[in-house]
There are 2 protein chains.
Amino acid sequence: MARKRAETAVKERLTRERIVDCAITLAGTEGLEAVTIRRLAQDQGVTPMALYWHFKDKDRLFDGIAEKVLSDVTLPPESDDPWPEQLRVLLSELLAVLRAHPAVADLVKTRVLLSEPGLQLAERTLGVLRSAGFTAEQSAQLSGHALQTIVALVTQEPGLMVGEDPAAREEHIRLKRASLQALSPERYPLTVASADAFTDCGNEPAYFELGLDLFIEGVRGVQPGQSDQR
Amino acid sequence: MARKRAETAVKERLTRERIVDCAITLAGTEGLEAVTIRRLAQDQGVTPMALYWHFKDKDRLFDGIAEKVLSDVTLPPESDDPWPEQLRVLLSELLAVLRAHPAVADLVKTRVLLSEPGLQLAERTLGVLRSAGFTAEQSAQLSGHALQTIVALVTQEPGLMVGEDPAAREEHIRLKRASLQALSPERYPLTVASADAFTDCGNEPAYFELGLDLFIEGVRGVQPGQSDQR
DNA sequence: ACCTGAACACCGTTCAAGT
DNA sequence: ACCTGAACACCGTTCAAGT
């Protein structure tokens with residue numbers, strides 16, 4: 001009981017890591033909108049301006065968040081498996097990591113090329129795509145789509161609501177579903193029939209599997225040297 | 001010269017349409033961040049609170065923007081073409097509309113099911129997918145991915161910078177490209193080789209074609225009753 | 001019906017100053 | 001090196017009041 005304690009936790013020195021961790025936790029519990037410089041400072045028991053010694057501005061803090069999340073990605077060893085398998089393994093790993101941090105997945109989307117762990121993931125993804133016969137240009141674009149697909153899968157999952165208690169979540173889903181079901185069945189029969197699926201993804205594994213399959217099959221379909229008649 | 005004039009244009013009464021149009025224009029010229037209640041009011045020569053008579057809050061204004069943009073989508077007549085063709089036509093139309101409004105495309109992504117024109121597009125898309133043999137659940141998910149893919153194609157186009165003069169844009173691209181090219185060629189050879197493609201999509205038609213193909217081929221690949229061995 | 005005035009509770013950020 | 005105090009220029013939104 002030496003010195004003074006702050007709030008519930010032992011007061012430690014401010015550091016980039018601590019700020020980033022705090023931001024990730026806060027985003028996870030209350031949503032990314034709750035992550036403000038001032039709120040972060042308050043939770044750390046410090047002045048808002050204290051953060052500016054560690055980060056040039058909020059955008060750099062976001063860079064730090066993305067880097068930290070991407071550092072959770074563990075790349076598999078190089079393999080001789082067919083490229084679709086390798087691609088699936090890479091994307092599944094990224095998917096698993098982002099699923100643990102849906103609130104900040106959108107930050108990652110635009111920041112992969114800005115950090116060491118992101119670059120390693122990108123390099124490996126490009127490797128798989130190049131081995132499938134794509135050019136540097138095509139591989140760049142496809143790797144971007146891959147990232148984009150995984151992030152969308154995580155952030156747009158129907159019924160997902162970060163930083164909302166289960167009761168409010170249920171209510172939100174119920175309301176949205178009701179409004180879809182209230183549509184004219186003559187004009188929007190298919191939309192009404194899909195109301196459940198639009199508001200809550202009933203089966204998570206199937207949802208993510210279809211998303212992954214969709215992308216990988218898409219890559220297969222545009223692969224150079226394929227019979228592409230339609 | 002009766003009454004008084006404001007700024008450069010003739011002062012007219014405030015209306016939902018005028019506010020939405022103003023917001024879309026502003027987003028296009030200065031970016032979505034520039035679209036604030038206060039700025040909109042200022043441009044219209046009115047108090048910020050005036051807008052609250054027309055829209056409950058900023059989110060409803062965003063709903064209005066999305067609806068207006070989606071109303072530009074002109075649906076093709078029903079056809080007997082094979083479903084991939086029909087899907088391509090629908091997505092190309094949406095793509096063309098969003099390409100004209102990249103700054104607000106992200107707003108559209110989460111609001112298709114909230115307006116008449118969006119619902120009509122969704123219904124048609126679901127129709128095509130259902131005709132391809134997908135269930136209501138699968139079709140809902142795939143239509144979501146379709147939307148998401150088109151929006152991403154428009155908003156993530158490398159080298160696109162909404163609300164930035166060409167000079168600043170060039171400089172921005174140059175800088176980002178240089179930083180990629182400065183990476184270690186031993187550790188990131190493929191990333192360095194793709195630096196150009198990551199920073200500027202050299203060939204727009206090819207970029208959008210590949211994006212569309214990727215999605216449509218993906219749907220083809222996950223279509224029920226296909227030989228799906230990998 | 002349509003708009004204003006004043007106020008509230010927030011933001012990110014700068015800059016000079018403290019230890 | 002690391003943090004604070006005070007201030008600036010913004011936000012969205014509410015509420016009572018005006019015409």
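Note that the coordinates shown come from a computational prediction; the quantities given were computed from them, not determined experimentally.
If you check dA6(D), dC11(D), dT13(C) against the side chain of Thr36(B), the one that comes closest is dC11(D). Nearest to the side chain of Arg13(A), among dT4(C), dC3(D), dT13(D), sits dC3(D). Closest approach to the Val46(B) side chain among dC3(D), dT13(D), dC3(C) is made by dC3(C) (side chain taken as heavy atoms from C-beta onward). Listed candidates were dT13(D), dA1(C), dT13(C). Nearest to the side chain of Trp53(B) is dA1(C).
In this structure, Arg38(B) places its CZ atom 13 Å from P of dT14(D), rounding to the nearest Å. One can place CG of Leu51(A) at 11 Å from P of dT13(C), the figure rounded to the nearest angstrom. Gln42(B) has its CD atom 13 Å from the C1' atom of dC11(D), to the nearest Å. In this structure, the CZ atom of Phe55(A) is 13 Å from the P atom of dC2(D), given to the nearest Å. Rounded to an integer number of Å, the gap from Tyr52(B) OH to dC8(C) C1' is 13 Å. The CG-P distance, from Leu40(A) to dC10(C), rounds to 16 Å in whole Å. The CD1 atom of Ile37(B) sits 18 Å away from the P atom of dG5(C) (whole-angstrom rounding). Following rounding to the nearest Å, Gln44(B) (CD) and dC3(C) (P) show an atom-to-atom distance of 10 Å.
Ion pairing of Glu30(A) with Arg39(A) is present here, as a side-chain N (NZ or NE/NH1/NH2) and a carboxylate O approach within less than 4.0 Å. Between Asp106(B) and Lys109(B) a salt bridge is recorded (basic side-chain N to carboxylate O distance below 4.0 Å). A salt bridge links Glu116(B) with Arg187(A); the closest basic N to acidic carboxylate O contact falls under 4.0 Å.
Test Leu87(A), Val89(A), Leu95(A) against Leu91(A) for side-chain contact (heavy atoms from CB on, under 4.5 Å) and you get one pass: Leu87(A).
With a 3.5 Å ceiling on both atom-pair distances, the Watson-Crick or G-U wobble partner of dA1(D) is dT19(C). Using Watson-Crick or G-U wobble geometry with both donor-acceptor distances under 3.5 Å, dA6(D) finds its partner in dT14(C).
Where His54(A) and Met49(A) meet DNA chain D, the nucleotide closest to each residue was compared, and His54(A) sits on the side nearer the 5' end.
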Apply salt bridge (charged side-chain N to carboxylate O under 4.0 Å, His left out) to the pair Arg174(A) and Asp200(A), showing each step before the final yes or no.
CA-CA 9 Å; Arg174(A) 225 179 42 73; Asp200(A) 192 9; over 6 Å; no
